[in-house]
Amino acid sequence: MRIHKVVVAITSRCLRATRLDGLPLLSGLLLIVLSARSAGAQGYKVTQINPPGATYGSQAEGLNSTATRVVGYYWTTDSNNATAFEWFGGNNYKSFSFPQQGAYNTRAFNINDSGTIVGQFQSSNGLYNGFIYSGGKFTQYDVPGGLGVFNTSLFGVNNSDNYSGSAGCTGYGGPCYGFVLINGVLSTFYGSGTDWTQAYSINNLNETVGQYVDASGNSHGFYRDANGNVSTIDYPGTTSSGLYGINDSGEMTGWYSNPEGNSQGYTYLNGQFTVTDFWSMTAINNSGAYVAFSSGIDYQVSGLLAVPQAFKLATVEIPGATSTSTFDINDSNVEVGTYTNSQGVANGMMLAAGKVTNIN
């Protein structure tokens, strides 16, 4: 179970903010220029991750180091019953659910470079159980004493098959604690005091990030180092924020509530926050690629993969023109725009294969 604060729309794992000014849904690939630090990127190539049958929306939650495999979950008609998926690039998706009698609401949260996937499902009694999916085989995981008594969720996995998650509560309230399972040793902790805590991601250094909710109902991000020391990391000026992902460089991804009350994603590195236009950023790999989710004007949530890109800039000039502007380009590299000729007359134009056609 994962809670996303500043919430209106409720799912069985997350509370997600519902925006009234939803961003347009992305179709295919989009190259966007952001404040990119990772891998010397000038921008990101963004791919929509939306499995076939995701008529009710989808969320991308985890990715591997090459950004060639992404995991998450989607809904068909019921937001309380998700199906997990793995994306292999292009239109290649694999859907899967935990194969236990009465199990439902299977959600995949993370994947490592060996292809091990972790997540959660609900049993017929409504409680959450963690799972590990590797080599086509499911293994259920519940913390000791938790099976049939309280929830267990697996959220993070690193390349050493160490895990992070949450357990202990029976609903959205209660004494949920975070945990890490490192070399088979279970360690439990809270983000602060005994506040509701979820450990969402663990990197290859066994550093963990997540979210806790204080007694006033405000969400906070936290970072836990490999020695077990926990510190709070909040987006400045907001009472609700959280952390979802961390890579080996210590770059973190998360969300916060902006002044309009909407959810907004960000990255955090060495004390610096960088905001994106996505609702939330859920995971980041060592190359700076990340997965996120957002919504279009139809309010349907969609997963996204953003991969750092370096690209070449080219100057477009019309011979004899005093100024030239291009406004759009299609997949055949045909551009449209406007230019002003030497007589000061503005012309609409189409530019294709070096040939200018006036459109007036």
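No hydrogens, no waters, no symmetry mates; every other heavy atom, side chains included, goes into these values. These numbers were taken from a predicted model, which means no experiment stands behind them.
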**Q** Step by step, would you call Arg69 with Glu86 a salt bridge (charged side-chain N to carboxylate O under 4.0 Å, His left out)?
**A** CA-CA 7 Å; Arg69 298 171 74 175; Glu86 183 175 5; 2.5 Å; yes
**Q** List for me each residue that meets ring-ring contact (aromatic ring centres under 6.0 Å, His included) alongside Phe179, sequence neighbours excluded, and say none if there are none.
**A**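 Testing Phe179 for ring-ring contact (aromatic ring centres under 6.0 Å, His included), a comparison that skips the adjacent residues, returns none.
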**Q** Tell me yes or no: between the side chains of Asp248 and Asn286, is some donor less than 3.5 Å from an acceptor?
**A**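 Yes.
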**Q** List the atom of Ser294, the atom of Leu304, and the distance in Å for their closest heavy-atom pair.
**A**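 Reported closest heavy-atom pair: CB-CD1, 4.1 Å.
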**Q** Taking the side chain as C-beta and beyond, is there a heavy-atom pair between Leu154 and Ile132 under 4.5 Å?
**A** yes
**Q** Can you see which heavy atom on Ala103 is nearest to which on Phe98, and at what distance?
**A** CB-O, 3.7 Å
**Q** Is the shortest side-chain heavy-atom distance between Glu335 and Val316 below 4.5 Å?
**A**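 In short, these two side chains touch, coming nearer than 4.5 Å.
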**Q** So, Ser240 side chain and Tyr256 main chain: donor-acceptor pair closer than 3.5 Å or not?
**A**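 A pair under 3.5 Å: no.
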**Q** Run through Asp161, Val157, Leu186 and flag the one making a side-chain contact (heavy atoms from CB on, under 4.5 Å) with Leu181.
**A** Leu186
**Q** Checking side chain to side chain contact (heavy atoms under 4.5 Å, CB included) for the pair Phe131/Arg107: CA distance, chi angles, key distance, verdict?
**A** CA-CA 9 Å; Phe131 73 80; Arg107 305 182 182 212; over 6 Å; no
**Q** Any side-chain heavy-atom pair from Leu305 and Val307 closer than 4.5 angstrom?
**A** yes
**Q** From the options Tyr244, Phe155, Tyr200, select the one residue that forms a ring pair (Phe, Tyr, Trp, His ring centres under 6.0 Å) with Phe109.
**A** Phe155
**Q** Counting C-beta onward and ignoring hydrogens, is there a side-chain heavy-atom pair between Trp196 and Cys169 closer than 4.5 Å?
**A** yes
**Q** Can you confirm whether Met252 sits close enough to Tyr266 that some side-chain heavy atom of one is under 4.5 Å from a side-chain heavy atom of the other?
**A** no
**Q** Check whether any side-chain heavy atom of Phe189 lies under 4.5 Å from a side-chain heavy atom of Val230, and answer yes or no.
**A** yes
**Q** Just by modelled atom types, is the Asn229 backbone N or O under 3.5 Å from a matching donor or acceptor in the Asn227 side chain?
**A**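 No, the answer is negative, given that no donor and acceptor are paired below the 3.5 Å cut-off.
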**Q** With the side chain counted from C-beta on, respond yes when Tyr74 and Phe85 share a heavy-atom pair under 4.5 Å apart, and no when they do not.
**A**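 When only atoms from C-beta onward are counted, Phe85 and Tyr74 do touch, with a gap below 4.5 Å.
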**Q** Would you check if Arg224 and Ser187 make a side-chain contact, meaning some heavy-atom pair closer than 4.5 Å?
**A**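 The answer is yes, as the side chains (C-beta and beyond) meet within the 4.5 Å cut-off.
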**Q** State whether the side chain of Asn247 and the backbone N or O of Asn285 hold a donor-acceptor pair below 3.5 Å, judged by distance alone.
**A**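 Answer holds: yes.
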**Q** Indicate yes or no for a side-chain donor-acceptor contact from Thr282 to the backbone of Ala60 under 3.5 Å, with no hydrogens or angles considered.
**A** yes
**Q** How about Phe96 and Tyr133: are their ring centres within less than 6.0 Å of each other?
**A**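 Aromatic pair counts; centres sit under 6.0 Å.
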**Q** Suppose we call two aromatic rings close when their centres sit under 6.0 Å apart. Are Tyr290 and Tyr44 close by that rule?
**A**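 Yes.
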**Q** Tell me yes or no: between the side chains of Thr68 and Asn64, is some donor less than 3.5 Å from an acceptor?
**A** yes
**Q** Verify whether one side chain among Asn162 and Asn206 offers a donor that lies under 3.5 Å from an acceptor in the other.
**A**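 The criterion, which ignores hydrogens and geometry beyond distance, is satisfied for Asn206 and Asn162.
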**Q** For a quick check under 3.5 Å, do Asn50 and Ser58 share a side-chain donor-acceptor pair by atom type?
**A**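 The criterion, which ignores hydrogens and geometry beyond distance, is satisfied for Ser58 and Asn50.
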**Q** Identify all side-chain donor-acceptor contacts of residues 348-360 below 3.5 Å with residues at least two apart in sequence or on another chain.
**A**
residue: Asn358; atom: OD1; partner: Tyr339; partner atom: OH; Å: 2.9
residue: Asn358; atom: ND2; partner: Tyr339; partner atom: OH; Å: 3.4
residue: Asn360; atom: OD1; partner: Gly348; partner atom: N; Å: 3.0
residue: Asn360; atom: ND2; partner: Asn347; partner atom: OD1; Å: 2.9

**Q** Is it the case that Asn129 and Asp142 place a side-chain donor and acceptor less than 3.5 Å from each other?
**A** yes
**Q** Just checking Tyr235 against Phe273, ring centres under 6.0 Å apart?
**A** yes
**Q** Any donor-acceptor pair under 3.5 Å linking the side chain of Ser325 with the backbone of Gly337?
**A** no
**Q** Between the side chains of Glu251 and Tyr268, does any donor sit under 3.5 Å from an acceptor?
**A**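 Result is no, nothing qualifies.
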**Q** So, the side chain of Thr116 versus the backbone of Ser134: is there a donor-acceptor pair under 3.5 Å, distance only?
**A**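 No.
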**Q** For Ala82, does its backbone N or O pair with a side-chain atom of Asn105 as donor and acceptor, under 3.5 Å?
**A** yes
**Q** Do you see a donor-acceptor pair shorter than 3.5 Å between the side chains of Glu317 and Thr324?
**A** no
**Q** For a side chain to side chain donor-acceptor pair (under 3.5 Å) with His220, tell me which candidate from Thr232, Asp214, Thr239 qualifies.
**A** Asp214
**Q** Donor-acceptor check, side chain of Asn112 to backbone of Asn158, threshold 3.5 angstrom: yes or no?
**A** yes
**Q** Is a side-chain N or O of Thr326 found less than 3.5 angstrom from the main chain of Val336, in a donor-acceptor match?
**A** no
**Q** Are Gln59 and Trp75 linked by a side-chain donor-acceptor pair shorter than 3.5 Å?
**A**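 Gln59 vs Trp75: no donor-acceptor pair found between side chains.
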**Q** Is there a donor-acceptor contact under 3.5 Å linking the side chains of Asn159 and Asp113?
**A**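 Asp113 and Asn159 do have a side-chain donor-acceptor pair below 3.5 Å.
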